[in-house]
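To start, the structure under review is shown below, and the notes come after it.
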Amino acid sequence: MPVPYEQTGRHQQKARTRQALVDATRRLLAQGADPTVEDVAAEAGISRTTAYRYFPNQRSLLTAAHPEIERHSLLPEDAPDDPAARLDLVMRAFARLTLEWEPQLRTSLRLSLDPGAEQPVLRQGRAIGWIEDALTPLRTTHPNLDIHRLAVAIRSATGIEALIWLTDIAGMTRQEAADTMCWSAHAMLTAAIRE
């Protein structure tokens, strides 16, 4: 089995080169481009031959540009106990992340819709975990409420998919879309508590 190029020789330099290519990809995506490996190599000031050693095709390059958000919680350390206030904090932070990473998230979503192709790491359930974290106090106050189901329902009306629908189809501004996603989350929380 051949050893991948990045795992041989000068590891730190190769890591910097790879990161330069990923950063260039993200810049081009943010400008609205659909960059090829050649485009990214030119943007990064790296030869095409070298760029192809890291990313043999556009798909592998675009997949690598997907944002990695390692946070386990979007709540501040001094988060309130009220589930609605906690949910508001999480939803506003999640909306900011979605807007900040919109070009990369749109690309990852597009790649995930390609039939038969290797799927990018797009859905790891992080947002559902963030929402469940916000709803944790409900485990005590409403022990019969299915918090995971509620978190999934809220996630279905938020994130990049909702942003695309709200902006591209409903014609909202990005701020209106973010506000609508937060409103939807609160409406679902209120309905679940009333049940």
Side-chain angles (χ1 to χ4, degrees), residues 22-23 25-27 29-32 62-114 118-195:
V22 169
D23 291 344
T25 304
R26 289 177 176 161
R27 281 193 305 275
L29 286 169
Q31 295 169 13
L62 295 176
T63 300
H66 178 73
E68 290 300 321
I69 304 166
E70 297 299 328
R71 296 173 64 182
H72 297 290
S73 176
L74 295 182
L75 289 170
E77 288 185 26
D78 61 343
D81 293 330
D82 177 54
R86 291 167 64 95
L87 182 60
D88 187 62
L89 289 169
V90 167
M91 293 313 303
R92 297 214 176 273
F94 183 37
R96 275 192 306 275
L97 287 171
T98 303
L99 291 171
E100 177 183 342
W101 289 98
E102 181 183 354
Q104 293 88 343
L105 292 171
R106 280 179 178 263
T107 297
S108 292
L109 180 59
R110 180 175 52 81
L111 292 173
S112 75
L113 298 174
D114 288 346
E118 181 182 340
Q119 296 300 303
V121 181
L122 179 61
R123 293 171 175 56
Q124 296 180 355
R126 281 182 293 239
I128 293 169
W130 296 335
I131 296 166
E132 284 181 344
D133 183 37
L135 302 175
T136 297
L138 293 174
R139 294 189 195 287
T140 303
T141 61
H142 295 77
N144 295 326
L145 182 61
D146 186 342
I147 292 175
H148 179 73
R149 181 175 179 223
L150 177 57
V152 169
I154 290 170
R155 172 58 185 91
S156 73
T158 58
I160 190 62
E161 304 86 353
L163 179 68
I164 290 170
W165 193 91
L166 291 168
T167 57
D168 295 7
I169 297 171
M172 290 185 175
T173 67
R174 277 159 180 70
Q175 187 56 55
E176 289 170 337
D179 292 342
T180 299
M181 289 187 282
C182 292
W183 179 87
S184 296
H186 282 284
M188 286 186 227
L189 172 60
T190 300
I193 289 173
R194 284 185 183 152
E195 284 181 8

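The heavy-atom pair separating A178 from L99 by the smallest distance is CB-CD1, 4.2 Å. The minimum heavy-atom distance linking A177 with T167 is given by the pair CB-CG2, 4.0 Å. Nearest approach of L75 to A134, heavy atoms of both residues: CD1-CA, 4.1 Å. Residue A157 comes nearest to M188 through the heavy atom pair CB-CE, 3.4 Å, listed as atom of the first residue, atom of the second, then distance. Between M181 and T158, the shortest heavy-atom contact is SD-CA, 3.6 Å. The heavy-atom pair separating L87 from A185 by the smallest distance is CD2-O, 3.6 Å.
In this structure, M91 and I131 have side chains that are in contact, with non-hydrogen atoms separated by less than 4.5 Å. Contact annotation: the side chain of P103 never approaches that of T107 to less than 4.5 Å [non-hydrogen atoms, C-beta and beyond].
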Q) Are L74 and L89 close enough, and set up right, to give a side chain to side chain contact (heavy atoms under 4.5 Å, CB included), and what steps lead you there? A) CA-CA 8 Å; L74 295 182; L89 289 169; over 6 Å; no
Q | Derivation and outcome, side chain to side chain contact (heavy atoms under 4.5 Å, CB included), residues H186 and W183 | A | CA-CA 5 Å; H186 282 284; W183 179 87; 5.9 Å; no
(Q) Set out, in order, the CA-CA distance, both residues' side-chain angles and the distance that settles side chain to side chain contact (heavy atoms under 4.5 Å, CB included) for I154 and F94, then state yes or no. (A) CA-CA 12 Å; I154 290 170; F94 183 37; over 6 Å; no
(Q) Working note: I193 + L138, criterion side chain to side chain contact (heavy atoms under 4.5 Å, CB included); need CA distance, chi angles, decisive distance, verdict. (A) CA-CA 9 Å; I193 289 173; L138 293 174; 4.1 Å; yes
Q | Working for salt bridge (charged side-chain N to carboxylate O under 4.0 Å, His left out), residues D23 and R27 | A | CA-CA 6 Å; D23 291 344; R27 281 193 305 275; 5.4 Å; no
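Under the 3.5 Å distance criterion, the side-chain polar atoms of R92 are left unmatched by any main-chain donor or acceptor of C182. Of the possible donor and acceptor atoms, none in the side chain of R86 sits under 3.5 Å from a partner among the backbone N and O of L135.
In this structure, OG1 on T190 lies 11.5 Å from CD on E195, to the nearest 0.5 angstrom.
A salt bridge does not link D179 to R174: none of the charged side-chain nitrogens sits closer than 4.0 Å to a carboxylate oxygen. The existence of a salt bridge linking R155 and E161 is confirmed by a sub-4.0 Å separation between a basic side-chain nitrogen and an acidic carboxylate oxygen.
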